[in-house]
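Note sheet for the following structure.
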Amino acid sequence: MADMKLPKQSENYSEWYTQVIQRAELADYAPVRGCMVIRPYGWALWENIQKDLNKRFKATGHENAQFPLFIPMSFFEKEKEHVEGFSPELAVVTHGGGTELEEPLVVRPTSETVIGYMYSKWIQSWRDLPVLINQWANVVRWEMRTRLFLRTMEFFWQEGHTAHATAEEAEEETLKILDVYTTFAREIAAVPVIPGLKSNSEKFAGAVRSYSIEAMMGDTKALQAGTSHNLGQNFAKAFEIQFVDQNNEMQHCWTTSWGLSTRFIGAIIMTHGDDQGLILPPRLAPVQIVIVPIFKDDEEKARVMPAADALRDNLEAADLRVKVDDRDNLRPGFKFNEWELRGVPLRIEIGPRDVESGNVMTARRDIPGRDGKQVMPQANAAAWAVDLLETIQHALYQRALNFRDAHIYQPTNREEFLKALDDGWAYAWWCEDTACETEIKEQTKATTRCIPLDQPDGETGTCIHCGKPARRKVYIARAY
RNA sequence: CGGGGUGUAGCGCAGUUGGAAGCGCGCUGCGUUUGGGACGCAGAGGUCGGCGGUUCAAGUCCGCCCACCCCGACCA
């Protein structure tokens, strides 16, 4: 790197974002436009996300399976809104084995259609329901403009697909998953999110209702960080997913789908990062603690390294993810900066002085400089390290929450509304009319993010944009 | 797809009027260093994005193409 320093967030946020990802070795650009390579450090982060979500999906009765990458083109024509929504961004395979295919194959942009087809074969009776399946997969959408993690042509995600006997059950499932995402975001990723309902124009192509969790990034733009859709009977009718109920009557299933993608990594980066680089939440960080040994000659090295290794063993025994940076061609100062760039939540420095005293120096990533440093005893290292990581985890959430709430406004007139959109989000009454929403977007470049599940009790108001009566409040913001 | 920008060593860039391809960082080796981004010495590394044209001579001038980045329209 020619320039050691990262661009400042306040000067060029998107440049900061692009550079921090590459320098921290989360990801790199691939030779194909709009595609990225997720490097080992980035993939390790994704694996930690997977691990936690998988646990939650299984705890709520879901099983993993794998459906094919290729989907017959004709499948997409069966659901009207779905084809309209997705056809502009389909990647289509027309040739295989040197000859033109009879029917083109779509590289899956999402799997409702194939899974619907399979469900129609598997489901006969009410006794077969519910079907609760998730798959971890890559999908492809031909995007015009791409950005690392946030929007790439190929991305990784999990997509859950469920089938139920009643509308109520399907809605319950949709909200249950929304709650899983909310809890995961808040507690594991330390990303404050607002769960809510998508407007009609923002909902998934083919859904009856879409819900999302919305997060505020460091530049105050909104990011949809996960979605959960109630598909009603739309796909069941298109793919004839039917069952015989307890009265021996044929019924269409009620289905749902829900997904959270590698985009979430973008949310983590932009929620917690600072001018020094990434800050990863301890519960997801691939490396939670980096130990930097300090020595100036072989004699000191011989005393320090065993202490550093012993400390690592100690911490690892407590299930902490620890790395000893034993590279001897780099000075400590360089390593400090590098691990800060890579977002490791806690650093431990151990040198000859510490070996003597039985202490170590610790440095919190979330509190830069001297203020975040603290001397700790080598004894009971695991206990205080676990503690300190938890403290950092909560501090990150609290800081992000404070930032977000400081940038949410409740405008009551047009002037306040426009001001709010320039410095964050507007939380305001809205008439829920699509034409009104389009106008807002044309005039302000902001869109409705979600109608939060939590609404003021029994109140009503007038639409912030058009003044018509409004039943519910909505978040409006510029978004990624 | 529209607007803007950039393609020269791994990265960041300079390259004048057309006349011997350079600088910084990184990389390799050796030595000295090491508690907040070390230093010295010696090295390696190039299809100047591609194709064509003008010219005695092209990184430089002309034409076409390609790629990537940024900003807009579409999207997880």
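Worth saying up front: this structure is predicted, and the values here are computed from it rather than measured. Because only heavy atoms are used, hydrogens play no part in the values below, and waters and symmetry mates are left out as well, while side chains stay in.
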For [X], report the nucleic acid contact type (base, sugar-phosphate, nothing); a contact means any heavy atom under 4.0 Å.
X      : value
A/G259 : nothing
A/R347 : base
A/E300 : nothing
A/T152 : base
A/P88  : nothing
A/Y29  : sugar-phosphate
A/L330 : base

**Asked** Which nucleotide, B/A76, B/G35, B/C74, lies nearest any side-chain atom of A/M361?
**Response**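 The listed nucleotide nearest to A/M361's side chain is B/G35.
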
**Message:** Please pick, from B/C74, B/C70, B/U34, the nucleotide with the shortest atom-to-atom distance to any side-chain atom of A/T18.
**Reply:**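 Closest nucleotide to the A/T18 side chain: B/C70.
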
**Prompt:** Between the side chains of A/T447 and A/R449, does any donor sit under 3.5 Å from an acceptor?
**Reply:**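 A donor-acceptor contact under 3.5 Å links the two side chains.
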
Say we look at [N] and [M]: how far apart would their [atom1] atoms be, to the nearest angstrom?
N     : M     : atom1 : result
B/G4  : B/G40 : P     : 45 Å
B/G22 : B/G45 : C1'   : 14 Å
B/U55 : B/A14 : P     : 31 Å
B/U16 : B/U34 : P     : 45 Å
B/G59 : B/U6  : C1'   : 15 Å
B/G46 : B/U8  : C1'   : 8 Å
B/C66 : B/G29 : C1'   : 40 Å
B/A21 : B/A76 : C1'   : 47 Å

**Request:** Would you mind telling me which of A/E159, A/Q50, A/Q158 makes a side chain to side chain contact (heavy atoms under 4.5 Å, CB included) with A/L260?
**Result:**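 Considering A/E159, A/Q50, A/Q158, a side chain to side chain contact (heavy atoms under 4.5 Å, CB included) with A/L260 is found only for A/Q158.
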
**Asked** Is NZ or CZ of A/R347 both nearer than 6.0 Å to the six-membered ring centre of A/F336 and within 45° of the ring axis?
**Response**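 A/R347 over A/F336 ring: yes.
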
**Request:** Tell me, please, whether A/F184 has A/R56 positioned over its six-membered ring: NZ or CZ under 6.0 Å from the ring centre and within 45 degrees of its axis?
**Result:**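 Because its charged atom misses either the 6.0 Å distance or the 45° angle limit, A/R56 does not stack over A/F184.
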
**Item:** Gap separating the CE atom of A/M361 from the CD1 atom of A/I350, nearest 0.5 angstrom
**Value:**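 A/M361 CE to A/I350 CD1: 12.0 Å, rounded to 0.5 Å.
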
**Message:** Determine whether a donor-acceptor pair (one donor, one acceptor, N or O, separation below 3.5 Å) exists between the side chain of A/K335 and the base of B/G35.
**Reply:**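 Check fails, no donor-acceptor contact within cut-off.
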
**Message:** With a 3.5 Å cut-off and heavy atoms only, can you find an N or O donor on one side and an acceptor on the other between the side chain of A/E338 and the base of B/G37?
**Reply:**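 Under the 3.5 Å cut-off, the side chain and the base do not form any donor-acceptor pair.
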
**Asked** If every non-hydrogen atom of A/V304 is compared with every non-hydrogen atom of A/G351, which pair is closest and at what distance?
**Response**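 Looking at all heavy atoms of both residues, the closest pair is CG2-C, 3.7 Å.
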
**Message:** Here's a test for you: under side chain to side chain donor-acceptor pair (under 3.5 Å), which of A/K198, A/K441, A/E437, A/E432 qualifies with A/T448?
**Reply:**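 Only one option passes, and that is A/E437.
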
Considering every strand shown, what is the Watson-Crick or G-U wobble mate of [N] when both distances are under 3.5 Å?
N     : answer
B/G2  : B/C71
B/C64 : B/G50
B/A14 : none
B/G43 : B/C27
B/G37 : none

Can you measure [X] atom [atom1] to [N] atom [atom2] for me and round it to whole angstrom units?
X      : N     : atom1 : atom2 : result
A/Y480 : B/C74 : OH    : C1'   : 17 Å
A/K301 : B/G35 : NZ    : P     : 16 Å
A/D328 : B/U33 : CG    : C1'   : 12 Å
A/F334 : B/C27 : CZ    : C1'   : 13 Å
A/I294 : B/A38 : CD1   : P     : 13 Å
A/K441 : B/G72 : NZ    : C1'   : 12 Å
A/R147 : B/C74 : CZ    : C1'   : 16 Å
A/N138 : B/A76 : CG    : P     : 18 Å

Any [X] side-chain N or O less than 4.0 Å from OP1/OP2 of [N]:
X      : N     : result
A/R331 : B/G35 : yes
A/S14  : B/C71 : yes
A/K445 : B/C74 : no

**Prompt:** Can A/F155 be classed as stacking with the base of B/A76, given a centroid separation cut-off of 5.5 Å and a plane angle cut-off of 30°?
**Reply:**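 Stacked: centres under 5.5 Å apart, planes under 30°.
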
**Message:** A quick test of your reading: do over 12 heavy atoms of other residues, nucleotides or ligands sit less than 6.0 Å from CG of A/N380?
**Reply:**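 Open.
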
**Prompt:** For A/F336 and A/L150, take the nucleotide of RNA chain B holding the closest heavy atom to each; which residue's nucleotide lies nearer the 5' end?
**Reply:**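 On the 5' side of the pair lies A/F336.
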
